[in-house]
Amino acid sequence: MDNKQGIIEGGPSLLKIRYLVSGGIITNYKCSSKCKHCSYSSSPKWPDDYMTPSMADEVFSMLKSLGCYSVHVGGGEPLLKPGKILDVLELAQRHNIGIEYIETNASWYKDEASAKAVLKELKQHGVHTLLISIDPYHNEYIPFWKVKALIETCSEAKMNVFPWLMEFWDDIDAMDDQSPHSLDEYARLFGQDYLVKLARRYGLNLKGRALKTYKPLIMRQPFKRILEESKPCKLLSGIYHFHVDLYGNFIPQSCPGFSVPLKELVHGADPGKYRVFYSLESVGIRGLVELAEKEYEYAPKTEYAGKCDLCYDIRNHLVLELGLDLPDLKPEGHYKYI
Ligand code: SF4
């Protein structure tokens with residue numbers, strides 16, 4: 001998406017969003033699992049924070065003003081405590097924002113009766129589809145019987161299921177469904193290259209914990225070549241699959257760990273306040289390197305597993321090593337709980 005069709009007026013002036021089409025609400029980052037493919041670095045360690053009703057009210061009204069009339073709900077695991085998201089769903093209804101689906105990993109499934117009660121409540125709040133995660137990464141934490149039982153219960157409760165992804169069903173079903181299974185077990189059963197092939201089959205976004213998992217397998221590139229190939233990352237141009245998190249921050253389509261409040265982007269955010277974000281948005285990795293070397297004593301290594309590895313190395317330096325409280329590198333949990 002380029003600037004003509006898109007949303008950003010970067011340039012030397014303001015960071016601004018003009019319109020959004022479809023995206024997701026991250027109601028919480030906390031999750032029951034710590035999946036190796038999670039680009040949001042969700043895990044049980046995150047604080048038990050959920051989007052508040054007043055934040056939801058503000059976010060939905062902004063989304064409507066930007067032309068976005070439907071969202072999905074994701075996390076973390078949004079149904080970790082189903083009661084915590086009901087107010088958010090109610091506010092979506094009040095604003096006439098459709099809920100396309102709620103993403104869930106099925107870990108909360110205990111028995112049919114309690115699951116039916118949750119599904120009934122969700123339906124009463126305008127939710128008619130659950131996206132249920134089906135992949136070996138989740139199966140490291142969640143026994144497959146829970147996924148199967150939730151799908152069955154959805155069918156009985158007339159809740160639609162968006163299986164993500166059926167492609168992995170047979171792989172997972174080849175294991176005992178009563179217990180979780182490590183990726184090592186998958187590699188023993190399907191071959192040592194399973195982890196690499198899995199990333200391709202899944203279409204993995206190599207950011208956050210996913211990058212950490214796969215970094216040892218990614219070919220190294222010289223630092224200098226990464227800089228030569230630098231181009232703007234266009235963080236604001238993802239108008240079809242953006243996210244807004246529980247703190248009201250706009251999370252770019254494929255790059256978590258950045259945060260600019262949506263309410264500032266609507267009116268035009270000051271690039272001087274969000275310098276890390278702006279350097280990547282406007283110049284790309286070369287811009288961030290220049291900023292980090294000049295102002296934050298960043299000493300580059302000779303090679304990296306690509307530009308995003310370099311980007312994370314700098315961001316980790318700023319957040320974890322220097323302990324800086326930078327407004328565009330939030331939430332810190334993205335770096336801390338990887
Ligand atoms: S270099 Fe940084 S901002 Fe650009 S795509 Fe990679 S992680 Fe995202």
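Note that ligands are numbered from 1 as they come in the structure, with each ligand's atoms numbered from 1 the same way. What you see is a predicted model; the values in this text were computed from it and never measured.
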Problem set entry | Passing candidate, side chain to side chain contact (heavy atoms under 4.5 Å, CB included) with N160, options T129, L130, L131 | T129
For this session: Could you tell me whether E112 and K116 make a salt bridge, using a distance below 4.0 angstrom between a side-chain N and a carboxylate O?
Result: yes
Problem set entry | R315: numbered ligand 1 atoms lying under 4.0 Å from its heavy atoms | 7 (S)
Exercise. Does atom NZ of K64 have more than 12 heavy-atom neighbours, drawn from other residues, nucleotides or ligands, at distances under 6.0 Å?
Worked result: yes
Problem set entry | Residue portion contacting ligand 1 (non-hydrogen atoms closer than 4.0 Å) for K234 | neither
For this session: Rounded to the nearest 0.5 Å, what's the gap from CG on D177 to CH2 on W145? Could you check?
Result: 9.5 Å
Exercise. Do any protein N, O or S atoms sit under 2.8 Å from atom 4 (Fe) of ligand 1, and which ones are they?
Worked result: C233 SG
Exercise. Can a donor-acceptor pair be found between the side chains of Y274 and E264 at a distance below 3.5 Å?
Worked result: yes
Seminar exercise, completed: With sequence neighbours left out, the residues meeting side-chain contact (heavy atoms from CB on, under 4.5 Å) with K215 are R220, A305, D309
Exercise. Is the CH2 atom of W164 crowded by more than 12 outside heavy atoms at less than 6.0 Å?
Worked result: no
